[in-house]
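To keep things clear, I will list the structure first and then write my remarks on it.
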Amino acid sequence: MKLQLIVTLLPIVLPLAHGAPARRDTPNPGLRGNGSLLGYSPDNEVGGDSRPDIKYTLVPGQKENPDTGSYLDFEKADNPQPIRGPTGSDDPGPSMSAFNPMCISIHADRTEIIAGNYYYDRINSDKLAPPGTDHGETINAQWPMGKSTRFRGQICNNTNVMPDATLMAGVDMRLAPAGYRELHWHVASEWSLVLNGSCRIQAVNENGETFIDDVTAGDVWFFPPGVPHSIQALDDGVEFLLVFDDGDFSEDNTFLATEVFLHTPREVLSKNFGVDVSAFDKIPDDELYIFKGTPAPEDIEKQNVTTAAGLIPRAKSYSYHFSEQPAHEVAGGSVKIVDPLTFPIASNFSAAVVTVHPGGMREIHWHPTSDEWTFFISGEGRATLFTAPNAATTFDYRGGDVGYFPKSNSHYIENTGDEALVFVEVLQAPEFTDMALGQWIASTPKQIVSDTLNLSDDMLNNLKTEKQYVVAGSSD
Ligand SMILES: *[C@@H]1O[C@H](CO)[C@@H](O)[C@H](O)[C@H]1NC(C)=O
Ligand SMILES: *[C@@H]1O[C@H](CO)[C@@H](O)[C@H](O)[C@H]1NC(C)=O
Ligand SMILES: *[C@@H]1O[C@H](CO)[C@@H](O)[C@H](O)[C@H]1NC(C)=O
Ligand SMILES: *[C@@H]1O[C@H](CO)[C@@H](O)[C@H](O)[C@H]1NC(C)=O
Ligand SMILES: *[C@@H]1O[C@H](CO)[C@@H](O)[C@H](O)[C@H]1NC(C)=O
Ligand SMILES: CC(=O)N[C@H]1CO[C@H](CO)[C@@H](O)[C@@H]1O
C-alpha cells in the first residue's frame, strides 16, 4: 500500500509576551477569551489566507518516485520539505520551527501530530520524508545515547528509552586518567568494546584464579555474572561501550565493594578477615563508584597477583585483543567478528564490527537466532527495519546512536555520509550468524524466484551466491 503524506498547517499563534515587554497603547487583554469564541458561530473569523510564500529547493532524489526512496541529504538544504515525488506537500520550515509549531500529517492509515524541530528534521530526513516503501508501525529502533541521562560520568540506555530492546542494554562510559570503575560484580553478563584510550582490567573467579590485562581501543572484554572485577583508566583515560544481556539492566544494579563492606556488621567483617574491628574504621562512608585513584604502575607485572589457585587459564581469558585482528575486506568496506568460537568465555555474546565506505551498505540481512543491539561508533547511516507482515520504518543514525533490530526482522545499514560508517552489531548467540537476502535469492531455484518475484532471467543469472556482508555503491 502506498503511503500518502499530506501536511496541513495549523494557524500559527505568536506568544504575546516574548522577550522584552512590548509598549502597549491599548488596554492589556485579560488572560482568557469569552464564550463568543466557541465554535459553530457565524461570527468566528478563521485565520484566512495568511499562508506565507514558501521558498525552498528540493534536494537530489526528492523528485523521484517515492518507492525509489533515495537518501535525501537535508543537512545543507535551506528549507527541508516533507516531499517525495508526488506525495507530501510544502511546509514553511524555519519560520515555523522558530515558534515550535505543530503540523498534522495524515498517513493513509493514521493521523499524528508532529512537533516541528528543524534540526531534528535535518538529521532525520527519513522521518521528514519517509521512503514510499515505509509502511505501518514497527518498534522504535533508534536512540541517541546523547539523550540519555548522563550520571556519574556515564551515559546509559536501556528499556526505559527503547522499550522493545529487551535482550540487551548498553552503557557508554568514560574514565579520566587513573580513574576507576570501582571493584564490583553484577547479575548480568558484561561485554565491552573499548572505544578510545586504554585501561587495566582485573578479576578473580570462583576458583580463586586471577586475571589481569591491559586493553586498548578496539579490544573486547567479558565478565561473567557474579565475577568481581575492576577497571582503571591508563594514561590517556578510556572510553568503552558496555553491553549487558538484560534490557532492564541498570548501572545502579551493581554490587560495589564499598557497599558490601558498609552494609556488613563490623563484628562480622572482623571475624571474616580475622582482624580487629578497628581495622574498618577508615573505610569510605559512601560508595566510590567512579573515582580517581593512584595511577596504575606501567609494568603490569607489579599488579600480577599469583596465588596457589593460579591464573585464569588462557582459554577462559576475560579479554580478547580484537584490535589486533585484521579486518576482513569486502567490496564496500570490512567486517571483523568476535564470538565464542574464538572468545569462548563470552558464551552468548557474538559481535561484528563493520566499516562501510561512503556509498556502501551492510547488505540486507537478518539474524535468525537473536535480536541485534547496534552501537554506531562514527559516521552517518540509515536502516529500514522490516517487520512481518508489512511494517517498515526507515531510521537515520550517526555516531553515538543505538539501534535495535529484533530477531529475524530484516534490515540493511547504508552509509549516507561522506566518511566511513563504523558500527558494532551485538547478538545474544553462541555464534555470529546472519541470513543474507542476496545469498538466499541467489541460492534458490530460479523458477521459484521468477514465479514469485517476476525478476528477469538476466538478473537471476548474475546473482552472487556468496554472502557479501558489505556491498559497494557510488558515493553520490
Ligand atoms: C468577547 O471576545 C470577543 C473577541 O475577543 C470580543 O470581540 C467581544 O467584544 C467580547 N464580548 C464581550 C461581551 O466581552
Ligand atoms: C579519544 O579521546 C581523545 C581525548 O582523550 C580525543 O582527542 C580523540 O578524538 C578520541 N578519539 C576517538 C576516536 O574518539
Ligand atoms: C603473571 O604471572 C604469571 C606467573 O608468573 C605469568 O605466567 C603471567 O604471564 C604474568 N602476567 C600476567 C599479565 O598475567
Ligand atoms: C543466549 O541468549 C538467548 C537470548 O536471551 C537465550 O535464549 C539463550 O538461552 C542464551 N544461551 C546461553 C547459552 O546462555
Ligand atoms: C512479469 O513482468 C512482465 C513484464 O513486465 C509482465 O508482462 C508480466 O505480467 C509479469 N508477470 C507477473 C506474474 O506479474
Ligand atoms: C541504565 C540506566 O540508568 N538507564 C537510563 C537510560 O535513560 C533513562 C532516561 O534518560 C534513565 O532514566 C535510565 O536510568
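Remember, it's 1-based here, ligands and their atoms both numbered in the order they're listed.
- Between Lys407 and Asp371 there is no salt bridge, since no side-chain N of the basic residue sits under 4.0 Å from a carboxylate O of the acidic one.
- Listed by first and then second residue, the salt bridge (charged side-chain N to carboxylate O under 4.0 Å, His left out) pairs involving residues 183-210 are Arg200-Asp214 (not counting sequence neighbours).
- Phe244 has its ring centre less than 6.0 Å from the ring centre of His186.
- Under the 3.5 Å distance criterion, with hydrogens and angles disregarded, a donor-acceptor pair is assigned to the side chains of Asp219 and Ser323.
- Near Ser36, meaning under 4.0 Å from any of its heavy atoms, are these atoms of ligand 1: 1 (C), 2 (O), 3 (C).
- No hydrogens or angles considered: a donor-acceptor pair under 3.5 Å links the side chains of Gln202 and Ser230.
- Listed by atom number, the atoms of ligand 4 under 4.0 Å from Leu167 heavy atoms are 4 (C), 5 (O).
- For a heavy-atom separation below 4.0 Å, the residues in contact with ligand 5 are Asn454.
- If you number the atoms of ligand 4 from 1 as listed, the ones under 4.0 Å from a heavy atom of Asn348 come out as 1 (C), 2 (O), 3 (C), 8 (C), 10 (C), 11 (N), 12 (C), 14 (O).
- No side-chain donor-acceptor contact under 3.5 Å links Thr374 and Tyr404.
- Salt bridge present: Asp126 and Arg84 bring a charged side-chain N and a carboxylate O closer than 4.0 Å.
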